[in-house]
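Report on the following structure.
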Amino acid sequence: GKVLFTKGAESAILPFATIGEIEKTRLHVDEFALKGLRTLVVACRHFSPEEYIDVDKRLTSARTALQQREEKLQEAFAYIERDLQLLGATGVEDKLQDKVQETIEALRLAGIKVWVLTGDKHETAVSVSLSCGHFHRTMNILELLQQRSDNECAEQLRRLARRLKEDHVIQHGLVVDGASLSLALREHEKLFMEVCKNCSAVLCCRMAPLQKAKVVRLLKTSPEKPITLAIGDGANDVSMIQEAHVGIGIMGKEGRQAVRNSDYAIARFKFLAKLLLVHGHFYYIRVATLVQYFFYKNVCFITPQFLYQFFCLFSQQTLYDSVYLTLYNICFTSLPILVYSLFEQLVHPDILQSKPGLYRDISKNSLLSFRTFLYWTLLGFSHAFVFFFGSYILMGEDTTLMGNGQMFGNWTFGTLVFTVMVITVTLKLALETQFWTWMNHFVTWGSIAFYFIFSLFYGGIIWPFLHTQDMYFVFVQLLSSGSAWFAIIIIIITCLFPDVVKKVVYRHLCPTSTQKSQMEQGEGSVGPEYDPVKAQRSPGEDNWHLLAAYPPPAAPGPDPCSPSLYQPPRRRPSAVWSPCAATSMGKAAVPAWPASWSK
């Protein structure tokens with residue numbers, strides 16, 4: 001005969017078992033779960049040759065069905081997995097990795113909401129959540145478990161909502177199981193989300209892999225449109241990792257499936273704090289400035305060309321020489337923003353990691369908001385008007401600016417506008433730069449020097465391969481005028497001085513947490529010699545005390561930002577003969593940037 005072995009959660013195996021110590025095993029499973037062990041039940045079924053032939057025919061027929069294949073397969077499996085003989089239960093002590101509790105607390109202080117999605121039994125999941133700091137001992141735990149019908153589920157959700165409104169002062173945690181979650185999402189999605197938003201922490205247990213992905217999708221499509229991040233280490237987390245905006249895989253004992261399907265891979269869960277709070281902070285600032293600076297410098301570049309048409313009878317005469325048109329974005333203004341977007345650091349990395357609250361300064365896409373984008377665009381237009389009309393007013397009506405009484409021509413006028421523009425947009429980025437390296441200095445001042453050197457060579461020599469050379473001696477003639485030098489200096493100061501005043505006023509009147517940290521850090525020196533340990537804490541004080549200096553955020557408001565799903569990472573499991581969960585604890589996701597509520 002043939003023997004079928006099957007394993008799984010006790011809720012999936014015990015209802016189909018007819019032989020064995022069923023009640024005794026159920027008690028052992030509950031006992032092990034309360035100790036935090038991951039439980040798993042094992043059973044078998046013996047087939048006679050005739051039964052096996054019948055089962056094989058059913059499976060073959062279902063697998064080759066052209067219509068309703070999934071339903072027929074489920075029927076075949078249900079027929080096979082019945083009358084099971086219970087063999088026993090297993091248990092695995094799955095220890096948490098180092099610094100999981102500190103990492104989750106840091107994410108909370110950063111404004112990131114953390115949801116735990118796991119396939120573990122209810123008792124095991126709650127025990128792990130308490131040990132990893134996801135739930136606090138003082139937190140009021142609400143439960144939505146073992147709901148049998150839509151009406152029963154809706155009534156329980158309404159009770160929970162009323163309780164949250166009545167006890168809004170204390171923090172609440174919500175525990176949901178997979179079956180109840182399916183009912184809640186079927187007819188009462190808005191009510192369920194409202195309850196979740198008002199809870200400080202949410203734990204979903206007994207989750208199938210696809211249910212984890214559905215929860216992530218639910219959060220992604222909610223009206224607040226939060227940014228979601230999913231982190232897991234097992235194959236059952238793959239669907240969740242792929243569904244989230246950002247997926248992170250942990251290289252653990254459960255294989256490499258999660259890592260291969262993720263956007264980023266890390267070796268330990270504790271590295272998530274540095275990944276988000278340091279690298280996430282840096283690259284968000286770099287990319288936000290990069291995008292908006294490109295708009296700014298090209299608005300500065302093209303607007304004078306547009307304004308010039310009103311003064312040349314719309315004759316399509318160009319303001320700049322064709323070589324300047326080509327090289328503006330390729331050579332003259334490209335390297336400073338490239339180096340900025342690679343090296344910029346507003347605050348020392350150690351300060352960002354020791355003060356998770358600084359992450360809130362970039363929450364809700366604050367540096368790429370419409371208001372910020374509008375500021376950069378209007379700044380570009382205002383600078384372009386100053387470039388053009390400042391140069392225009394200098395020349396005035398037939399004003400002679402040369403020592404011999406000669407006047408400037410249209411190419412000299414265009415070159416004056418272009419010279420002021422290259423210097424101003426480069427210095428504007430220098431004003432935005434907080435972290436200066438030798439490379440920043442080299443490309444910033446080198447770009448300006450290269451423009452002058454190139455222009456002198458380009459216009460100072462008659463090149464035999466050029467058919468026309470409108471710029472011959474134009475640049476030299478421009479620089480020989482003291483009035484032109486004075487105009488260049490005045491126009492640059494006129495453009496940048498208001499921006500400097502705005503920065504100084506805002507920094508002193510309403511500084512952000514990041515700016516306060518910059519002032520505490522010193523005179524803007526963010527070099528490697530900076531020692532955040534000496535600056536931030538006394539000897540013997542550890543990072544946990546630093547985190548404790550930031551009280552946890554108040555009860556979440558109606559204003560969610562980035563939900564995060566997390567499944568507590570594990571270390572090497574030490575096997576014990578006791579129940580062990582068949583599904584790996586689904587790592588929930590952690591939001592990609594700060595949110596006022598978390599998953």
Are the side chains of [X] and [Y] in touch, meaning some heavy atoms are under 4.5 Å apart?
X	Y	answer
Arg360	Ser513	no
Leu427	Ile423	yes
Ser341	Thr289	no
Tyr359	Leu107	no
Tyr320	Val417	yes
Thr118	Cys204	no
Phe442	Val339	no
Ile351	Leu358	yes

Are [X] and [Y] close enough that their ring centers fall under 6.0 Å?
X	Y	answer
Phe388	Phe413	yes
Phe373	Phe295	yes
Phe475	Tyr451	yes

Taking the six-membered ring of [Y], is the NZ or CZ of [X] close enough (under 6.0 Å from the centre) and on axis enough (within 45°)?
X	Y	result
Arg286	Tyr283	yes
Lys502	Tyr375	yes
Lys297	Phe301	no

Distance from [X] atom [atom1] to [Y] atom [atom2], nearest 0.5 Å?
X	Y	atom1	atom2	answer
Met519	Thr514	CE	OG1	10.5 Å
Ile231	Leu276	CD1	CG	8.5 Å
Leu368	Ile285	CG	CD1	11.0 Å
Leu479	Ile488	CG	CD1	6.5 Å
Thr424	Ile448	OG1	CD1	9.0 Å
Ile490	Cys495	CD1	SG	11.5 Å

With a 4.0 Å cut-off on N to O distance, would you call [X] and [Y] a salt bridge?
X	Y	result
Glu105	Arg108	yes
Lys428	Asp499	yes
Glu432	Lys503	yes
Asp237	Lys212	yes

Quick one: does [X]'s side chain have a donor or acceptor within less than 3.5 Å of a partner on [Y]'s backbone?
X	Y	answer
Thr303	Phe381	no
Glu344	Gln434	yes
Ser262	Tyr264	yes
Asn198	Leu164	no
His348	Asp350	yes

To check you understand the geometry: which heavy-atom pair defines the closest contact between [X] and [Y], and what is its length?
X	Y	result
Met421	Cys300	SD-O, 3.2 Å
Gly133	Gln101	CA-CG, 3.9 Å
Pro349	Val278	O-CG2, 3.6 Å
Gln292	Ser369	OE1-O, 4.4 Å
Val202	His134	O-CE1, 3.0 Å
Gln305	Leu319	OE1-N, 2.7 Å

- Full working for side chain to side chain contact (heavy atoms under 4.5 Å, CB included) between Leu218 and Lys214: CA-CA 6 Å; Leu218 171 68; Lys214 286 180 181 178; over 6 Å; no
- Message: Pairing donors with acceptors under 3.5 angstrom, does anything connect the side chains of Thr377 and Tyr296?
- Response: no
- Short side-chain donor-acceptor distance under 3.5 Å, Tyr328 and Asn298: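 On atom types as modelled, these side chains do not qualify, holding no pair under 3.5 Å.
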- Message: One pair to check against side chain to side chain contact (heavy atoms under 4.5 Å, CB included): Lys270 and Val100. What are the steps and the verdict?
- Response: CA-CA 6 Å; Lys270 64 181 180 182; Val100 171; over 6 Å; no
- Would you please test Tyr324 and Ser455 for side-chain hydrogen bond (donor to acceptor under 3.5 Å, both in side chains) and show each step? CA-CA 9 Å; Tyr324 285 162; Ser455 298; 2.7 Å; yes
- Within 6.0 Å of NZ in Lys190, more than 12 heavy atoms from elsewhere: no
- Query: Passes side chain to side chain contact (heavy atoms under 4.5 Å, CB included), Leu352 versus Phe282? Steps please.
  - Reply: CA-CA 10 Å; Leu352 287 176; Phe282 284 163; 3.4 Å; yes
- Task: Test side chain to side chain contact (heavy atoms under 4.5 Å, CB included) on Met193 and Leu219 and set out the steps.
- Result: CA-CA 8 Å; Met193 285 301 297; Leu219 289 162; 3.6 Å; yes
- Name all pairs fulfilling the salt bridge (charged side-chain N to carboxylate O under 4.0 Å, His left out) condition that reach into residues 240-252, sequence neighbours left out, sorted by first residue then second. Arg217-Glu243, Lys220-Glu243
- Name the orientation class of the two ring planes belonging to Phe452 and Trp485 (parallel below 30°, tilted from 30 to 60°, perpendicular beyond 60°).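 Rings of Phe452 and Trp485: parallel, as their planes differ by under 30°.
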